[in-house]
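Below, all heavy atoms of this structure are taken into account, side chains as well, without hydrogens, waters or symmetry copies. Below, read A as the first sequence line, B as the second, and so on, with proteins coming before strands; counting in each chain starts at 1.
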There are 2 protein chains.
Amino acid sequence: MQNTIGNLRRAPVNVVAGGVPALCAQCDARHIGLCDALPDDDLHFLASVARQARIEKGRGFVTEGDPARQFFNINHGTAKLFKDLPDGRRQITGFAGAGDFIGLAANATYMFGAEALETVQLCSFDRGELRAVFARFPAIERRLLDVASHELIIAQEQMLLLGRKTAVERVASFLDGWGLRVASCQGAATRLDLPMTRNDLAEYLGLTVETISRALATLRKQGVVAVGADHVISVIDPARLAAIGQAEG
Amino acid sequence: MQNTIGNLRRAPVNVVAGGVPALCAQCDARHIGLCDALPDDDLHFLASVARQARIEKGRGFVTEGDPARQFFNINHGTAKLFKDLPDGRRQITGFAGAGDFIGLAANATYMFGAEALETVQLCSFDRGELRAVFARFPAIERRLLDVASHELIIAQEQMLLLGRKTAVERVASFLDGWGLRVASCQGAATRLDLPMTRNDLAEYLGLTVETISRALATLRKQGVVAVGADHVISVIDPARLAAIGQAEG
DNA sequence: CGCGTGACTTGATCTGGATCAAGGTGGCGG
DNA sequence: CCGCCACCTTGATCCAGATCAAGTCACGCG
């Protein structure tokens, strides 16, 4: 239950003349997620209540059960969100990347844990101060409702996956979904650069590492993907991958 | 993709002097869910944009893929929400009862199907008109964000269940959760009156009917529950049930 | 350079829950 | 009253994925 963020600091609100706050200028999420709902001017107000932090790879920054004092918005990097059972079984409930909001699914205490898969940069907002932000910018609250609704859709998709899909279907679904995710930022990518280990994948898809490995081998033998070194997976046949993931194949 | 609601009608806004709209008077959800966020006066405005409908047991009223034109708020009865795979595999993503809101997890089209488990009464709101409601009552939008956040917590809990729990743990989790749910309305109940069949349960918990039956038999033999006729299950040892569901036992 | 360690793969075996099969029970229409 | 049908239970067998086991590979470190 220790404070997992040591290096929080009040964000400096340096303003480039006529531009966006320095804090936001090189933020990967400037034009997605929360902040895109605001004109540049209002962004200054938001930046003034934000603190920026850098989380090293492998470091946890949310502990399930801790009082939920802050929201987070990821600027750069990827984190995993998870829930554990007392005996160590773990379910990763999602991966959060640039623009993603962490902390919606919380009441008094966090109902999940979070850990950086790679070095993560994020903005954190005090939950109390956020009330003030809502009052001033109803657009943000509306945006949050949209975000939450979308997360609900993703969550239901994941329940279908966990409850009903086979191992190969789960892996295909994941790769297809991850492809769409990066495609929405960059162009349609054939080369996926995954930030997570096979073990993370297993904990996300409700399987074991060995089964992930075998499912990837199956997809490779079918000529659907090519498995490279260092977490790189190339999609050879995107249509087939999608079909398998949707259980149409 | 046919319209599954045949008997929608414009709700009459009969006002009992100094009271709540007649539409809302005997609504089970009057003091939970959406409407509790409003004083009686404002309720009239809300009622004026609501249509009330009655869905017979076993009747579907949302079809995945249909254009998402309305939100629903259940007044009475229970419905199941689900997602299907092309080959017929089904995952029930949740059960919605009085006060529960249906339609958050949708964008242009519904991303799930819904069907009444017992005769259901509900209010439906046109999504367009709801914009106007938001503008007039920001409290509702805030409430919806709370609702969505809470649903997100439930969804993550369910992912943990589907991805990592054993059959007996899943059934225990469900019974424990259902017990808490009815306890929050009525007092702590030892006698659970379930509206769904064993098959629904299986589709909710990612199992088969047979496994549900066996898991209940196990819990019965352990003296944790008693299985009665007609969907009645009595909780003999609530603490033990909760422990098994949380995988602490 | 050798050694230790963490991530991954592949093979052999085991097992929890699925599938297949056979009743039991109760409501309901004729 | 009977026969049908939907729902549930219990038993026998099967199998997808877990578990156990053994390597391979890349990398950091003394």
Whether [X] side chain and [Y] backbone form a donor-acceptor pair below 3.5 Å:
X        : Y        : result
B:Glu151 : A:Leu152 : no
A:Thr63  : A:Asp66  : no
B:Gln91  : B:Glu203 : yes

Inset, instruction - Please lay out, stage by stage, how A:Glu115 and A:Arg59 fare under the test salt bridge (charged side-chain N to carboxylate O under 4.0 Å, His left out). - result: CA-CA 5 Å; A:Glu115 184 182 313; A:Arg59 197 133 158 59; over 6 Å; no
Residue [X], side-chain atoms from C-beta onward, closest of [options]:
X        : options                : value
B:His231 : D:dT9, C:dC8, D:dC7    : D:dC7
A:Thr211 : C:dT9, D:dG17, C:dA21  : D:dG17
A:Glu210 : D:dC20, D:dG11, D:dG17 : D:dC20
A:Leu207 : D:dA18, C:dT9, C:dA18  : D:dA18

Inset, instruction - May I ask you to say what B:Gly58 touches in the nucleic acid, namely base, sugar-phosphate or nothing, with a heavy-atom cut-off under 4.0 Å? - result: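 No contact at all - B:Gly58 keeps every heavy atom at 4.0 Å or more from the nucleic acid.
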Inset, instruction - List the steps and the verdict of salt bridge (charged side-chain N to carboxylate O under 4.0 Å, His left out) for B:Arg181 and B:Asp100. - result: CA-CA 12 Å; B:Arg181 186 162 164 166; B:Asp100 285 333; 3.3 Å; yes
Legend entry - Note, A:Val224 side chain near A:Arg220 side chain (heavy atom, < 4.5 Å): no
Inset, instruction - Taking only the side-chain nitrogens and oxygens of B:Arg220, find out if one of them lies under 4.0 Å from OP1 or OP2 of D:dT10. - result: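 Answer is yes, contact under 4.0 Å.
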Legend entry - N/O (side chain, B:Ser213) to phosphate O (OP1/OP2, D:dT9) under 4.0 Å: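 Answer is yes, contact under 4.0 Å.
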Atom [atom1] of [X] and atom [atom2] of [N]: how far apart are they, to the nearest Å?
X        : N      : atom1 : atom2 : answer
B:Arg164 : D:dG17 : CZ    : C1'   : 12 Å
A:Ile233 : C:dT9  : CD1   : C1'   : 13 Å
B:Glu169 : C:dG16 : CD    : C1'   : 12 Å
B:Lys57  : C:dC28 : NZ    : P     : 10 Å
A:Leu216 : C:dT9  : CG    : P     : 6 Å
B:Lys221 : D:dT9  : NZ    : P     : 12 Å
B:Arg214 : D:dT13 : CZ    : P     : 13 Å
A:Asp200 : C:dG6  : CG    : P     : 15 Å

Legend entry - A:Arg89 atom CZ, neighbour heavy-atom count above 12 within 6.0 Å: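 Yes, the 6.0 Å shell around CZ holds more than 12 heavy atoms from other groups.
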Legend entry - Most 5' of B:Thr208 and A:Ala217 on DNA chain C, judged by nearest nucleotide: A:Ala217
Inset, instruction - Dot-bracket notation for DNA chain D is requested: 5' to 3', Watson-Crick or G-U wobble pairs only, both distances under 3.5 Å, with ( ), [ ], | and . as defined. - result: ||||||||||||||||||||||||||||||
